[in-house]
Amino acid sequence: MTDDGRTTHTGSLTARPAGRRALLVELPDAEHTAAFHAEVLRRRAAGTLPPVEEIVPGARTVLLDGVADPQALARRVTGWQVPPVADDTGHVVEIPVRYDGPDLADVAALWGIRPDEVGALHGSYTYRVAFCGFAPGFGYLTGLPPHLHVPRRSTPRTRVPAGAVALAGPYSAVYPRATPGGWQLIGTMPDPRPLWDPDRERAALLTPGTRVRFVTAVGAPAAGAPTGATGAVGTAPGAGA
């Protein structure tokens, strides 16, 4: 349905031109956004999507840039049948972690568990990169169930170190470089350099749609006890492209 000659609506989707050559698709939540983004990629790979120069997912939006006729594409996408994203699709990256963050005790209290249990619980889920932003290589990972969502810190830190594993709201993340930040810090990725490598063909390790698993870094002790152990990013066995 079109209510203003430009904006097109359907049950769970709103599509509107963004400038002359882009289409902004708005979705109700992260799950619908991930599913729509996956469908766009599937149709482009199959050759059934009109030419699009860039596809940029956000928290609840997907921007299709470099579109010849945004209004015509808006009418097309509102007629798509978009299935949910299957849990077993997408490339898998394993992130080594020492669960030694300064907010470990606070998160444990919010979760109703002991600090040394946070790592096992956080690492028991498989995450998916919903979108990227804030800093180069910074991926917003969904996958924690709602009862484990935690608030941002009331007072942000002026400096969060590179490699910090953090939680805020529904998201997990790993800071690729030192920046200010207000997320809850629960651990450390020993070597965060692979998160952003400008010399690599795909500079960001964590791109939208990638599945992520957090694994205990080699040589790391129980959560809450810092160590100098190192760990390397890995690809899970059998992970598909």
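Just so you know, these numbers come straight off a predicted model, no measurement behind them.
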Do [X] and [Y] sit in one hydrophobic cluster, given that two such residues count as connected whenever their side-chain heavy atoms are within less than 4.5 Å of each other, even indirectly?
| X | Y | answer |
| --- | --- | --- |
| Leu121 | Leu104 | yes |
| Phe131 | Leu205 | no |
| Tyr171 | Leu110 | no |
| Val150 | Leu185 | no |
| Leu63 | Val25 | no |

Is a donor on one side and an acceptor on the other found under 3.5 Å between the side chain of [X] and the backbone of [Y]?
| X | Y | result |
| --- | --- | --- |
| Arg200 | Arg202 | yes |
| Arg128 | Gly209 | yes |
| Gln184 | Ala168 | no |

Testing the basics here: between [X] and [Y], what is the closest heavy-atom pair and its distance to 0.1 Å?
| X | Y | result |
| --- | --- | --- |
| Ala35 | Pro84 | CB-CA, 4.2 Å |
| Leu195 | Pro176 | CD1-CA, 3.7 Å |
| Ala204 | Gly137 | CB-CA, 4.3 Å |
| Pro180 | Val160 | C-CG2, 4.3 Å |
| Ala203 | Pro198 | CB-CA, 4.0 Å |
| Gly58 | Thr33 | O-CG2, 3.5 Å |

Contact between [X] and [Y] at the side-chain level, heavy atoms closer than 4.5 Å - yes or no?
| X | Y | result |
| --- | --- | --- |
| His122 | Val165 | yes |
| Pro17 | Gln71 | yes |
| Leu206 | Phe138 | no |
| Glu39 | Trp80 | yes |
| Thr216 | Val97 | no |
| Cys132 | Pro208 | yes |
| Ser172 | Leu167 | yes |
| Phe134 | Tyr175 | yes |

- Query: Is the distance between the ring centroids of Tyr127 and Phe214 under 6.0 Å?
  - Reply: yes

- Give a yes or no on whether the ring-centroid distance for Trp183 and Tyr140 is below 6.0 angstrom. yes

Pairwise distance [atom1]([X]) to [atom2]([Y]) - rounded to 0.5 angstrom:
| X | Y | atom1 | atom2 | result |
| --- | --- | --- | --- | --- |
| Leu27 | Arg60 | CG | CZ | 10.0 Å |
| Arg42 | Thr48 | CZ | OG1 | 6.0 Å |
| Arg211 | Thr126 | CZ | OG1 | 6.5 Å |
| Asp69 | Arg20 | CG | CZ | 13.5 Å |
| Leu49 | Leu41 | CG | CG | 9.0 Å |
| Asp103 | Arg157 | CG | CZ | 4.0 Å |

- Task: Look at atom CZ of Arg44 and say whether more than 12 heavy atoms of other residues, nucleotides or ligands are closer to it than 6.0 Å.
- Result: no

- Using side-chain contact (heavy atoms from CB on, under 4.5 Å) as the criterion, point out the one residue from Ile55, Thr61, Val56 that pairs with His37. Ile55

- Message: Using the rule side-chain contact (heavy atoms from CB on, under 4.5 Å), only one of Val212, Thr142, Leu148 pairs with Tyr125; which is it?
- Response: Leu148

- Kindly indicate, with the supporting measurements, whether the criterion side-chain contact (heavy atoms from CB on, under 4.5 Å) is fulfilled by Thr207 and Val129. CA-CA 6 Å; Thr207 55; Val129 183; 5.9 Å; no

- Quick one: do Glu53 and Asp65 satisfy side-chain contact (heavy atoms from CB on, under 4.5 Å)? Show the steps, please. CA-CA 6 Å; Glu53 292 179 6; Asp65 196 16; 5.5 Å; no

